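Only heavy atoms go into these numbers, but all of them, side chains included; no hydrogens, no water, no symmetry mates. Whatever order the structure lists ligands and atoms in, that order sets their numbers, starting from 1. Please read these numbers as outputs of a predicted model, since none were measured by experiment.
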Amino acid sequence: MTASPPPGSLQGQRLLLCVGGGIAAYKALELVRRLRDAGAVVQVAMTEGAQQFVTPLSFQALSGQPVRTSLWDSAAEAAMGHIELARWADRILVAPATADLLARLSHGFANDLVTTLCLATTAPITVAPAMNHRMWLHPATQANIATLRERGVQIIGPEDGPLAEGESGPGRLSEPEQIVAALGSAAAVPPTHAGELAGLKVVVSAGPTYEDLDPVRYLGNRSSGKMGFAVAASAARRGAEVVLVAGPVQLPTPSGVKRIDVRSAAQMREAVFGAFPADIYIGAAAVADYSPRVSVQNKIKKTGETLTLDLVRTPDILAEVAAQTQGLKLVVGFAAETENVAHYARGKLQAKRLDMIVANQVGIAGGGFESDQNAMTAYWNGGERDFSTAPKTQLADALMDLIVERMNA
Ligand code: C5P
C-alpha cells in the first residue's frame with residue numbers, strides 16, 4: 001500500500017515553471033530545487049528576457065528536464081508540442097512574474113511561449129510577481145493583478161524590502177520556501193473551490209487587541225490570530241479580494257491578502273470600516289471588551305497597595321457591522337467560551353444579529369487560543385455544524401466551505 005502524500009505537499013504534482021525576465025530569475029533556480037524536494041515534477045519554460053539573466057542550461061541541470069525557450073523551436077515542438085505541454089501541467093507557476101508579463105497575461109496575449117502556455121492551459125495558475133516597487137504600485141499593474149485574481153489566479157507576494165536597484169519597497173520575489181508553502185496550501189483546496197469567491201471582497205479581523213494603560217503596559221489577551229489568518233488565506237485561495245485587519249501578532253501575511261496592522265479595538269474598528277464596502281465580514285479577532293478610560297503619557301508609578309483601573313466598554317465592531325448590513329451578504333462572528341458553549345454562542349448570534357457564529361471551548365488541552373489545532377461548532381438560525389479536532393488551516397477550509405454554502409443558501 002502506498003502512503004498518501006501529506007496535506008500541502010506537492011508530491012507527484014506536474015509543475016510547469018515559467019520564468020520571466022527579471023533579476024529575480026536567479027532565485028527561480030533555487031525554486032526548482034525546492035519544488036522538486038517537495039515532490040513536484042518540474043518542467044521549465046523561459047521568456048526571452050529570462051534568458052538574459054539565467055541560462056536554460058542551469059534550469060535543465062536542476063530540473064532534469066529539457067527547458068523550453070521558444071514557440072518556434074521545431075525540435076522541441078516535435079518532442080512535446082506547446083499545447084501538449086500546457087495540458088501536461090497540473091499547475092503553472094510564473095516566477096518571477098514581471099510587470100510586462102502580468103500585463104500580457106491579464107490581457108490574454110499569446111505572443112511568446114510563456115503567454116501561449118498560460119492561455120492554452122486549463123490548469124490553475126500561480127504568479128509570484130517581482131519588480132521595482134513603483135512598477136508594482138502603478139495603477140496599471142494593480143489593475144492587472146486585480147483582473148488575474150478575479151480570474152482565480154493565485155498571487156504570491158511580492159514582499160516588502162530592499163530591491164535590486166538599491167531602493168526599498170514592495171516588489172521582492174517571495175522566498176522560494178514561501179512560494180512552495182503557498183503552492184502546497186493551494187493544492188489543498190480542491191479545484192472545484194478554486195475560483196468560487198472571485199469578484200467578492202472579504203474582510204477578516206484576527207488576533208488580539210492591546211489597550212494601552214501607559215507607555216509600557218497594556219491590557220491584552222492570548223489570541224494567536226492563527227484561525228483568522230487561516231480563514232483569510234482560505235478566502236484568498238478561492239479568488240476573493242481579502243483584507244485582513246490584524247491585531248498585534250507575529251504571523252506571516254498569507255499570499256494574496258492585503259494586511260492592515262492595528263493595535264487597539266478603536267484602531268481595529270476604524271480599519272474594518274475603512275475596508276468596506278465588502279461582501280463578507282468574518283470577525284475572528286479577540287477584541288478587548290474594555291479599554292482604559294485614559295491612556296496616560298507617563299508610566300504609572302506604584303504608590304498604593306492596590307490599584308483600581310477605570311475601564312470603559314470598547315465599541316462592539318461585529319455588532320456594528322451586522323447592524324449596518326449595507327451590501328454585506330454574510331456576517332460571521334467567533335465566540336470563545338469556557339462553558340455552556342452552545343447556549344452563549346446562540347445568545348450572541350441573536351444579540352449581535354449575525355448570520356453565523358463559530359464557537360470553540362477555550363481553556364481545554366490541545367485546542368483554543370495558542371494551539372495550532374482546534375475543534376469548533378458553527379451555529380446559524382435553524383442549523384449547526386460540528387468541526388472535529390483538526391489543524392486550524394484545515395478547519396479554516398472547512399469553515400469557508402460552509403460560509404460559501406450559507407451565502408448561497
Ligand atoms: O461578545 P464576544 O466578545 O464574546 O463576541 C465575540 C465576537 O464579537 C468575535 O467575533 C469578536 O471579533 C467580536 N467582537 C467585536 N468587538 C468587540 C467585542 C467582540 O467585534 N468589542
Side-chain angles (χ1 to χ4, degrees), residues 202-212 218-232 234-235 242-249 251 259-276 278 280-293 311-325 328 330-363 367-369 374 376-381 384 387 392 395-396 399-400 402-403 406:
V202 179
V203 178
V204 182
S205 73
T209 65
Y210 286 177
E211 310 301 320
D212 291 333
Y218 60 84
L219 295 172
N221 63 67
R222 291 168 57 179
S223 167
S224 67
K226 286 175 189 163
M227 193 63 208
F229 272 59
V231 165
S234 181
V242 182
V243 177
L244 173 61
V245 180
V249 290
L251 291 174
R259 174 178 179 167
I260 303 173
D261 286 310
V262 297
R263 184 171 171 85
S264 64
Q267 288 170 358
M268 185 168 276
R269 179 186 174 279
E270 205 181 312
V272 164
F273 280 95
F276 286 156
I280 300 174
Y281 177 70
I282 303 170
V287 186
D289 292 321
Y290 293 92
S291 182
R293 187 182 296 277
L311 306 176
V312 291
R313 280 290 290 269
T314 54
D316 191 317
I317 305 167
L318 182 62
E320 235 182 285
V321 167
Q324 64 106 55
T325 55
L328 275 161
L330 208 79
V331 178
V332 182
F334 275 71
E337 306 291 350
T338 51
E339 55 180 350
N340 291 339
V341 177
H343 175 72
Y344 285 125
R346 283 220 177 265
K348 284 175 189 174
L349 181 72
Q350 303 307 336
K352 301 196 189 204
R353 307 171 74 88
L354 310 177
D355 297 302
M356 189 195 296
I357 192 150
V358 186
N360 56 57
Q361 188 153 358
V362 292
F369 269 177
N374 208 2
M376 54 198 204
T377 308
Y379 302 90
W380 61 94
N381 273 329
E384 63 182 76
F387 299 92
K392 285 180 177 172
L395 283 178
L399 178 62
M400 278 316 296
L402 178 60
I403 286 174
R406 293 305 311 152

Relative to Y218, does R263 satisfy both conditions: NZ or CZ under 6.0 angstrom from the six-membered ring centre, and within 45 degrees of the ring's axis? yes
Is R269 positioned over the aromatic face of F273, cation under 6.0 angstrom from the ring centre and no more than 45 degrees off axis? yes
Does an N or O anywhere in [X] fall below 3.5 Å from an N or O of ligand 1?
X    : value
L318 : yes
A286 : no
Y281 : no
E337 : no
I317 : yes
A285 : yes

Going by atom types alone, do N360 and E337 pair a side-chain donor with an acceptor below 3.5 Å? no
Counting only N and O atoms by type, is there a donor-acceptor contact under 3.5 Å from the side chain of Q361 to the main-chain atoms of T338? yes
Between S264 (side chain only) and Y210 (backbone N and O only), is there a donor and an acceptor less than 3.5 Å apart? no
Would you say that V243 contacts V202 through its side chain, given a criterion of any heavy-atom pair below 4.5 Å between the two side chains? no
Quick one: does V231's side chain get under 4.5 Å of L399's, heavy atoms only? yes
Are D355 and R406 close enough for a salt bridge, meaning some N to O gap below 4.0 Å? no
For [atom], what is the closest protein heavy atom, and at what distance to 0.1 Å?
atom                    : value
atom 4 (O) of ligand 1  : K348 NZ, 2.3 Å
atom 7 (C) of ligand 1  : F334 O, 2.9 Å
atom 21 (N) of ligand 1 : P315 O, 2.8 Å
atom 5 (O) of ligand 1  : K352 NZ, 3.1 Å

Mark up the atoms of ligand 1 that fall under 4.0 Å of a heavy atom belonging to [X], in ascending order.
X    : result
G283 : 9 (C), 10 (O), 12 (O)
T314 : 21 (N)
G333 : 10 (O)

Location of contacts on D289 toward ligand 1, heavy atoms closer than 4.0 Å: side chain
Would you call the rings of Y281 and F276 parallel, tilted or perpendicular if under 30° counts as parallel and over 60° as perpendicular? perpendicular
